[in-house]
Amino acid sequence: MLGHSGGAVGNACETLACRGEAERVGSNPRMYRATSTTAAAAQRAAGSPPGPVPALPGQRTAAPAASLRGPVTRPNGQQYHPRSLAQLPDVEALRRLREAQVAVLLYGPPGTGKTSLIEAAFPDLITVAGDGDTTVGDLVGEYTQDQNGGYAFIYGPLVTAMQEGKALLLDDATLISPKVLAALYPAMDGRRQIQVKAHKGETICAADGFYVIAGHNPGVHGAVLTEALASRFSVQIQVGSDYDLAAALKINRTAVRIARHLASSQLAGEVGWAPQLRELIAFQKIADVLGSEAAFANLVGIAPLEDRDTVAEIVTKALGRPVTALALGRQL
């Protein structure tokens with residue numbers, strides 16, 4: 001309505017965009033548009049003190065009190081329950097690191113909530129699912145045949161995130177070839193630009209708001225955290241399962257207790273696997289449909305083969321009856 005986004009107006013709009021309570025629709029000049037959540041943000045602001053304003057680059061401010069307490073809605077509509085990180089809700093901490101342009105690497109077993117946290121923190125997220133087959137073209141773009149039989153260059157997620165000032169998640173970044181990741185590095189350093197050699201050597205400059213965050217699963221076969229990759233992420237955060245949250249979500253108490261036991265045994269090097277929050281949520285869904293006996297049998301069955309006997313022994317001891325992997329029985 002004001003028609004401009006300079007000074008304090010721009011800072012306020014950018015804060016709303018980072019919180020998912022407004023949408024940036026232009027970079028030069030910066031322009032913003034209200035969304036369905038903007039009105040609710042205005043109502044909250046009218047009845048309570050304003051939240052923290054992100055510091056500008058180079059500006060030093062005292063860390064204000066955390067402003068995010070309750071669940072945060074992810075783009076898929078599911079609720080994310082923030083956890084503590086540096087005496088802040090983790091979602092708030094990641095948003096502050098983005099404002100300061102400090103790249104973050106989250107590492108931990110699959111199913112611990114790394115992607116959920118990132119999606120909750122950055123509603124404008126663009127995701128690259130990394131694997132050993134990911135190519136430079138998958139990141140920056142490539143020529144694709146159009147409906148007229150010709151070829152057009154289609155920008156990839158990296159270029160899109162740079163041009164639109166969005167957050168880019170490299171999920172399973174350590175499965176991507178180091179040679180492919182090298183195409184990303186110029187966008188993350190002081191240059192904040194890349195050259196698209198496949199498209200006439202075009203230079204792409206990052207708009208304000210562009211940010212890179214990555215996920216790493218150390219136990220996954222082929223995942224290698226190279227020195228070159230690690231050095232680009234100044235903050236590296238270990239993510240484990242929140243078993244207290246599992247209990248709060250009304251997941252079977254015995255299953256949660258077994259998971260805690262296995263997690264402790266895993267830390268001690270006695271077993272190589274423990275159920276994470278993802279497996280516990282699935283456990284409860286299975287129990288609701290097929291009963292707890294089938295859910296416990298499935299818990300044994302999804303354990304890696306080398307750990308299955310140990311998991312079966314622990315589950316058997318917890319339940320007081322023999323439990324084996326879920327399997328088909330006799331013909332009915």
Side-chain angles (χ1 to χ4, degrees), residues 5 13-14 17-18 20 22-38 73-78 98 101 103 114-116 118-216 220 222-223 228-229 232:
S5 57
C13 289
E14 186 65 23
C18 288
E23 178 184 11
R24 186 197 284 219
V25 295
S27 297
N28 190 20
R30 290 190 303 170
M31 294 298 291
Y32 301 84
R33 179 170 55 211
T35 66
S36 59
T37 59
T38 308
T73 303
R74 296 164 53 194
N76 62 5
Q78 295 180 350
R98 179 181 182 178
Q101 280 298 306
K114 298 185 294 296
T115 303
S116 299
I118 296 169
E119 288 180 347
F122 309 128
D124 63 342
L125 188 69
I126 295 175
T127 301
V128 174
D131 57 38
D133 296 325
T134 302
T135 66
V136 173
D138 292 330
L139 287 180
V140 302
E142 55 191 353
Y143 281 96
T144 303
Q145 191 170 20
D146 59 27
Q147 59 184 4
N148 297 321
Y151 286 85
F153 191 86
I154 305 299
Y155 290 126
L158 171 57
V159 173
T160 301
M162 293 178 68
Q163 291 178 328
E164 298 181 7
K166 294 185 175 181
L168 177 71
L169 166 61
L170 297 177
D171 206 6
D172 286 324
T174 48
L175 294 178
I176 302 175
S177 165
K179 292 183 179 180
V180 173
L181 288 173
L184 169 75
Y185 295 154
M188 296 182 64
D189 60 26
R191 291 168 288 179
R192 290 180 60 79
Q193 64 181 35
I194 62 170
Q195 189 174 39
V196 185
K197 296 179 181 179
H199 191 220
K200 306 175 184 178
E202 179 185 13
T203 298
I204 304 294
C205 297
D208 292 342
F210 170 69
Y211 182 67
V212 178
I213 190 167
H216 167 45
V220 173
L229 180 62
R232 261 74 182 186

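What you see is a predicted model; the values in this text were computed from it and never measured.
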E142 and Y151: side chain donor to acceptor below 3.5 Å = no

Where do L175 and G130 come nearest, in terms of heavy atoms and distance?
-> CD1-O, 4.0 Å

Would you call Y143 and H199 a side-chain contact if the rule is heavy atoms closer than 4.5 Å?
-> yes

Is the shortest heavy-atom distance from the side chain of L169 to the side chain of V128 under 4.5 Å?
-> no

Closest non-hydrogen atom pair between F153 and A198, with its separation | CE1-CB, 4.0 Å

Please report the closest heavy-atom contact between A161 and L168, naming both atoms and the distance.
-> CB-CB, 4.1 Å

Heavy-atom distance under 4.5 Å between the side chains of L229 and L181, does that happen here?
-> yes

Backbone of R33 reached by a side-chain donor or acceptor of E23 within 3.5 Å | no

Find the distance between CD (Q145) and CD1 (I154) and round it off to the nearest 0.5 Å.
-> 12.0 Å

Quick one: do I126 and T160 satisfy side-chain contact (heavy atoms from CB on, under 4.5 Å)? Show the steps, please.
-> CA-CA 9 Å; I126 295 175; T160 301; 3.8 Å; yes

Reported CD-to-OG1 distance for the pair Q195 and T203, which is rounded to 0.5 angstrom = 5.0 Å

Axial cation check for F122 ring with R98, 6.0 Å and 45° limits | yes

Which of I204, L184, L170 passes side chain to side chain contact (heavy atoms under 4.5 Å, CB included) with L158? It is L184

Output for pair (M188 CE, R232 CZ), nearest 0.5 Å, gives 7.5 Å

For a side chain to side chain contact (heavy atoms under 4.5 Å, CB included) with V136, tell me which candidate from T134, V140, D138 qualifies.
-> V140

Which atom pair, heavy atoms only, marks the closest approach of A187 to I194?
-> CB-CG2, 3.7 Å

Flag side-chain contact, heavy atom, 4.5 Å: K166 against F210 | no

If only atom types and distance count, is the side chain of N76 paired as donor or acceptor with the main-chain N or O of Q78 below 3.5 Å?
-> yes

Evaluate the salt bridge (charged side-chain N to carboxylate O under 4.0 Å, His left out) criterion for residues E202 and K200: first the C-alpha distance (whole Å), next the side-chain angles of each, then the deciding distance (0.1 Å), finally the verdict.
-> CA-CA 5 Å; E202 179 185 13; K200 306 175 184 178; over 6 Å; no

Measure the spacing between CD1 of I118 and CZ of R74 and express it to the nearest 0.5 Å.
-> 10.5 Å

Would you mind reporting whether P178 and V180 have side-chain heavy atoms less than 4.5 Å apart?
-> no

Provide the closest heavy-atom pair for M162 versus R192 in the form atom of the first, atom of the second, distance.
-> CE-O, 3.9 Å

For D124 against A167, the heavy-atom pair lying closest together | OD2-N, 3.6 Å

